[in-house]
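Keep in mind that this is a model prediction, so the values were computed, not measured. Position 1 is the first residue of the sequence, and the numbers go up from there. What's counted below: heavy atoms across the whole structure, side chains too, no hydrogens, waters or symmetry copies.
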Amino acid sequence: MLIDVSKLDEQQRRRIIKKLVEKLGLSQAAKMLNVGRSTLYRYVNSDQSIPLDIVRKAAEMLAQDELSDAIYGLKVVEVDATTALSVVVKAMKDEKFRNFFVSILYQYLGDYCFVEFFSFSQ
């Protein structure tokens with residue numbers, strides 16, 4: 001797993017645990033994490049701090065898209081070129097959507113786009 005769980009805030013850690021419980025169910029997730037069901041329930045439903053080793057194990061049991069959804073709230077879906085082009089056309093026509101879309105692009109792909117733009121122009 002390429003994620004450093006120590007850099008995640010408590011809310012992101014809790015969402016990873018919740019995602020695993022959604023995927024496996026409370027009993028199976030508790031068994032896989034070697035914790036009691038009541039302990040896992042408290043991790044998910046209270047402000048109790050979650051040990052890093054538990055979060056690390058849970059993160060390793062999730063697929064990359066599930067982990068992304070848990071940490072960032074972004075669901076990965078299949079998109080074809082037509083859908084992507086439709087988004088660009090909507091951004092060109094709708095100023096509010098354009099502002100939202102560009103801010104999301106900058107937030108998640110800003111460094112990548114900046115590097116690619118300047119390496120392409122040289």
> Can you name the nearest heavy-atom pair linking R15 to I71, along with the distance?
Replying inline: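 Shortest heavy-atom contact: NH2-O, 2.6 Å.
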> Which atoms form the tightest heavy-atom contact between Y41 and L26, and what is the distance?
Replying inline: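 Of all heavy-atom pairs spanning Y41 and L26, the closest is N-CD1, 4.1 Å.
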>> Do Y106 and I104 land in one hydrophobic cluster if side-chain heavy atoms of ILVMFWY residues count as linked below 4.5 Å?
In response: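 Not linked; separate clusters.
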> Is Y72 reachable from I17 through a run of I, L, V, M, F, W or Y residues, each pair having side-chain heavy atoms under 4.5 Å apart?
Replying inline: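 I17 and Y72: one cluster.
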>> Given 3.5 Å as the limit, does a donor-acceptor pair link the side chain of S68 with the main chain of Q64, or not?
In response: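 Not confirmed, S68 side chain does not pair with Q64 backbone.
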> Do side-chain atoms of T39 reach the backbone of V35 as a donor and acceptor pair under 3.5 angstrom?
Replying inline: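 Not a single qualifying donor-acceptor pair exists.
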>> Starting from M92 and following side-chain heavy-atom contacts under 4.5 Å between hydrophobic residues (I, L, V, M, F, W, Y), which residues can be reached?
In response: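 Via sub-4.5 Å side-chain contacts, M92 links to V88.
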> Are side-chain heavy atoms of V102 and R98 found at a separation under 4.5 Å?
Replying inline: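 Answer yes - side chains close enough.
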> Hey, does I16 have a side-chain heavy atom less than 4.5 Å from the side chain of E66?
Replying inline: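 No, too far: nothing below the 4.5 Å cut-off.
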>> Are more than 12 heavy atoms, taken from residues, nucleotides or ligands other than F101, located less than 6.0 Å from that residue's CZ atom?
In response: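 More than 12 within 6.0 Å, yes.
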> Do D80 and T83 get their side chains close enough for a donor-acceptor pair, meaning under 3.5 Å?
Replying inline: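 On atom types as modelled, these side chains qualify, holding a pair under 3.5 Å.
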> Should R13 and E10 count as an ion pair when the cut-off is N to O under 4.0 Å?
Replying inline: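 Answer for the salt bridge query: yes.
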